[in-house]
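Contents: one structure, followed by commentary.
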Number of protein chains: 2
Amino acid sequence: MTTSHYNPRRHPPLEVAVDLVMLSVAQGRLDVLLVRRGAEPFESRWALPGGFVGEREGLEQAARRRLAQEAGVDPGQTHMEQLATYGAPERDPRTRVVSVAYLALARLALPPQAGSGAIDARWVPVGDAESDALELAFDHHTILRDGVERARSKFEYTPIATVLCGPEFTVAELRRTYEIMWGQELDPRNFHRKVTNAEDFIRPTGGTTTRHGGRPAQLYRAGRAVALYPPLLRDAHGESTSASQIAR
Amino acid sequence: MTTSHYNPRRHPPLEVAVDLVMLSVAQGRLDVLLVRRGAEPFESRWALPGGFVGEREGLEQAARRRLAQEAGVDPGQTHMEQLATYGAPERDPRTRVVSVAYLALARLALPPQAGSGAIDARWVPVGDAESDALELAFDHHTILRDGVERARSKFEYTPIATVLCGPEFTVAELRRTYEIMWGQELDPRNFHRKVTNAEDFIRPTGGTTTRHGGRPAQLYRAGRAVALYPPLLRDAHGESTSASQIAR
DNA sequence: GTGCTTATCGTCATAGTGACAGTAAGCACC
DNA sequence: GGTGCTTACTGTCACTATGACGATAAGCAC
């Protein structure tokens, strides 16, 4: 931050955009919202929803605007956090674009709207989106991977999984959310114990439901904890965690 | 990412800068590198080192350039990672500046260089820098707080603490690094056990040293682990961890 | 009621932790 | 060369958390 550097006119314009890794669990799948581009570059390729930041617009505000535009989700029931910023000089073939990526988690996957300029918008299983077959535009493959890893990781240490459940949910529903996010089965009995023991993770409402058959299940609401103690850990640790992904 | 939005000329120029939260432990203190501004805005106020991103320059590259300019540290022995991006519309009084903050950890705190436009550069104890007395420029107070919290947190789950030690170090030296970073005393015996049990955190070199008096201590080198298992946890969890800070 | 489902509680061996006792091995000083 | 100082390291113990899995509870269909 030097005198010369702070003279704005001396700098070439860089564009600042936001991109959204919007995740949802539905029908037993982890889905990400993708849009199909209607123009060059990467015309007709699938991409993360995103767009440029307005002049007087905060970054998160820009991301939320996109969220409202493309995803049929309730912004009130949506968790959103900044993921990372991607600014390789050549990531956009036309001009320099620095993109601030946001991770969003929401419950309802209503049919999405193809926003302006997009010719399609769909919830796509993360497995498909991450496969090489799809070849997302720009560096969106990397952004998506980082976003998914961040979400998986946050499931361990925070109670965000509850935003992917309804306002009232059973332990089994919460467990299935974890199973879908982590792509691994969890022991129902141990999960039940950990989730009910973790400090103020979930609170019983008093009600019960039989919507999955079998013995009636207690209904719970999200508690007030912002961090899980003790945390719920994945098997993992021997796995794909690369150094750069460990951002806490 | 729509047609209209991807036409660069239709957008007002936003400036993109990088800011550096450069931390170091020296003389038993956790220090952050600050520069004193030589020009408006915030003239003569202390700020994090930073600067605008060059047209063909990657974000991390820009941050590393600043690191080399202002801090007398060996880039090879420096850990650097992206922290977060700050883009509130009014964070710079003159024009819109979106700043990508980087966290850097380095071992040697040589006397820093006041870069171009800065009239001074100093290693300042983090406690002083975080106190309201100093009133850092822009939103640098927030960035600093986020950076310090990230560093403290990464000490729990990754072996980065070793970059703040020499190439060979004793368990006690590593422990003091943790104590300084976390601002809390750790039981030497338990710390020793945990650190030597954690998978490939540190490896004995075979040598010993008596540089701190007493019984000769084993010397260690950093192992190859990228994540600590099991992790070293702070007391914390009941503490200042706000929801937004829990980014893993 | 029988048999199906799912929910929930209990048990047990094992791993990790904080607190802290005890031992090892240098050095300074006499 | 021993005494006492320092710091390094090993060990113990009670407690908590965990994975694996057995057992029981409580609905529904027939």
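No experiment lies behind these values; they were computed from the predicted model shown. A, B, ... follow the sequence lines: proteins, then strands. Residue 1 opens every chain.
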TODO: To the nearest 0.5 angstrom, please state how far the CG atom of A/L134 sits from the CG atom of A/L34.
DONE: 6.5 Å
Open item on the list: On DNA chain C, compare the nucleotides closest to B/T210 and B/L232; which residue's is nearer the 5' end?
Closed with: B/L232
TODO: Nearest-nucleotide wise, let me know which of A/G214 and A/K194 is further upstream toward the 5' end of DNA chain D.
DONE: A/K194
TODO: Say whether, by atom type as modelled, one donor and one acceptor occur between the side chain of B/D31 and the main chain of B/S24 under 3.5 angstrom.
DONE: no
Task: Partners meeting side chain to side chain donor-acceptor pair (under 3.5 Å) with A/N190 (sequence neighbours left out) - done: A/R193
Task: Atom pair distance, as rounded to whole Å: OH in B/Y229 and C1' in D/dA17 - done: 11 Å
TODO: Identify the nucleotide, in any strand shown, that forms a Watson-Crick or G-U wobble pair with C/dA19, with both distances under 3.5 Å; if there is none, say none.
DONE: D/dT12
Open item on the list: Can a donor-acceptor pair be found, under 3.5 Å and without considering hydrogens, that links the side chain of A/H79 to the backbone of A/A106?
Closed with: no
Task: Whole angstrom value for the distance that separates P of D/dG19 from CZ of A/R234 - done: 14 Å
Task: A/Y86 side chain to A/D146 side chain, donor-acceptor N/O pair below 3.5 angstrom - done: yes
Open item on the list: Reading DNA chain C in the 5' to 3' direction, which nucleotide is the first one with an atom under 4.0 Å from a heavy atom of chain A, and which is the last?
Closed with: C/dT5 to C/dT11
Task: Sidechain-backbone polar pair: A/W46 side chain, A/E135 backbone, donor-acceptor under 3.5 Å - done: no
Under 3.5 Å, which N/O atoms of the protein pair with N/O atoms of nucleotides 9-16 of chain D?
unit_1, atom_1, unit_2, atom_2, d
D/dC9, OP1, B/Q218, N, 2.7

- [ ] Give a yes or no on whether the backbone of A/D128 and the side-chain of A/S131 come within a donor-acceptor separation of less than 3.5 Å.
- [x] yes
Open item on the list: Could you check whether any side-chain N or O of B/R150 sits under 3.5 Å from a backbone N or O of B/Q82, counting only pairs where one atom can act as donor and the other as acceptor?
Closed with: yes
Open item on the list: Between P on D/dA17 and CG on A/L228, what's the gap in Å once rounded to a whole number?
Closed with: 13 Å
